[in-house]
Amino acid sequence: MINTVLKFGLAFFLLILIQVLVFNNIQFSGFVNPYVYLLFILLLPLEIPAWFLLFLSFGTGMVMDYFSNSPGMHTAATLLAGFARPYVLRILSPRDGYESGPNPSISAYGFRWFFIYTSVIVLIHHIALFYLEVFRFADFFRTMLRVILSSVFSVAFILLIESYRKRR
Amino acid sequence: MRSLLNILARYHNLIIFIVLEGIAIYLLANGNNYHNSRIMNGLKGVTQSIEGRVNYTHNFLRLLEINKSLSAENTALRNRLERISGRTGSAFQSVSDTLYNQKFMYLSAAVVDNSVNLQKNFLTLDKGKRDGVSTDMAVITSDGVAGVIVACSDNFSVAMSVLNIDFKLSARFKTNGYFGSVSWNGRSPGYAVLSEIPQHVVVNVGDTIETTGYSSIFPEGVVVGTVSDFEKSGGDFYKITLALATDFRRLHFVEIIGNLKKEEIIKLETLTK
């Protein structure tokens, strides 16, 4: 139990650090802003109660907001992602249920499953985040392009980190 | 009563979600209105020290480039000083009271946080109330305008960058003096839009656009950018695209400008309204 808390605490700390120090500084034409800190929400145990997941998402979003000077934006988006996670997991459940391991990961459920799971959550998060940032429906398609490009990069970086984690 | 408790027990996750999302939206609504960016100041105390340290390292790695730009600015200033001190004053000015005539006060500051990829970009500067900074002061670089201070704490201040869709600035053609309003359309960090220029004015690509000094925030004649493209739209006005003089992607040192006569101007203007 204590071990799990420590493990996820460390993961949280590292992901926030990577996000704030590296990924927030990618200023590539304003269209590509990967947000890899979502991996923390993705990796939490399958057994976690939904209310606890909501509070964790809320806290994660708050921390991100403090660091990126955008009150409420990451909080709202990450909370939505945390709220959606149990439903996404139910829809994506493998044929023989979630028996292979306690955490959603590539090693337990395979690359294909993890890729779809990550893409869905990242897309939900990014749509909320980018539309909240613009906060108007003018330039709808330009914002959509930002959502899609950023999602592609977020998913790619999340899978990269996850497969590196798996190898260790 | 019992059924109410049943509903609460059944939908507790949804209720928690709605309450938390409500808090988040409240924060967002508050923060989105840029006047309330001052709220962030309280929260930023912790992260600013980290950002300061990151920025310090970043600056150290760029020292050569920074030195070059500083020495270039030095030369320009020296030249200007030479020009001013060589001039003999007008016959009526027997006492040289330098403070009496000074209208603007300059203060140099370093940028500790900056972004160009958002729709509402802000700069964080390392000078605050203790250095005499207050809201509505202008921020410029040696190249051109950079933004306006919207909030300040004791040691730091936050400026709204020109690259913010809420930013507006009164600017005019250097050649003929026609003035309009500059804003950013949220597309490219290198370009802004100049509107409200009537179509009978002759516009050329490459015309310099500078500030008007009507707002009592910016001094007169600070460069904003050059005309890079213009077209006659359906209405009475041009659609003019400006290439901004300031490169926001490599902003490091800025000057904060306070208007010493601002209170006097505003007092006079409210009197006549």
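- Heavy-atom proximity under 4.5 angstrom to chain B picks out nothing from residues 110-125 of chain A.
- Heavy atoms of other residues, nucleotides or ligands lying less than 6.0 angstrom from CZ of A:F153 number 12 at most.
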| request: Let me see the working for A:M73 and B:L27 under side-chain contact (heavy atoms from CB on, under 4.5 Å), right down to the final yes or no. | output: CA-CA 8 Å; A:M73 245 159 57; B:L27 288 175; over 6 Å; no
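- Between B:N117 and A:N33 the shortest heavy-atom distance is ND2-OD1, 2.7 Å.
- Between B:N13 and A:W51, the shortest heavy-atom distance links the atoms OD1-N, 3.2 Å.
- For A:F58 against B:L20, the heavy-atom pair with the smallest separation is CE1-O, 3.5 Å.
- Ranked by heavy-atom pairs shorter than 4.5 Å toward chain B, the options A:L79, A:L80, A:T75 are led by A:L79.
- In this structure, B:R53 has no salt bridge (charged side-chain N to carboxylate O under 4.0 Å, His left out) partners at least two apart in sequence or on a different chain.
- Proximity to chain A involves both the backbone and the side chain of B:L14, based on heavy atoms less than 4.5 angstrom apart.
- Under a cut-off of 6.0 angstrom, the local environment of CD in B:E231 is crowded, with over 12 non-hydrogen atoms contributed by other residues, nucleotides or ligands.
- Of the two parts of B:S188, neither the backbone nor the side chain holds a non-hydrogen atom closer than 4.5 Å to a non-hydrogen atom of chain A.
- A:R146 pairs by the salt bridge (charged side-chain N to carboxylate O under 4.0 Å, His left out) definition with A:E133, not counting sequence neighbours.
- Within the model, atoms CZ of A:F52 and CD1 of B:I16 stand 11.5 Å from one another, a figure rounded to the nearest 0.5 Å.
- One distance of note links CG of B:N185 with CZ of A:R142; it measures 7.0 Å at 0.5 Å rounding.
- Contact detail for A:F67 and B:E51: the closest heavy-atom pair is O-OE2, 3.6 Å.
- The environment of CZ in A:F23 is crowded: more than 12 heavy-atom neighbours from other residues, nucleotides or ligands sit within 6.0 Å.
- A 6.0 Å sphere centred on CG of B:N6 holds more than 12 heavy atoms belonging to other residues, nucleotides or ligands.
- Residues satisfying the salt bridge (charged side-chain N to carboxylate O under 4.0 Å, His left out) test with B:D154, not counting sequence neighbours, are B:R130.
- What you find for B:V54 and A:L21 is that their closest heavy atoms are CG2-CD2, 3.7 Å.
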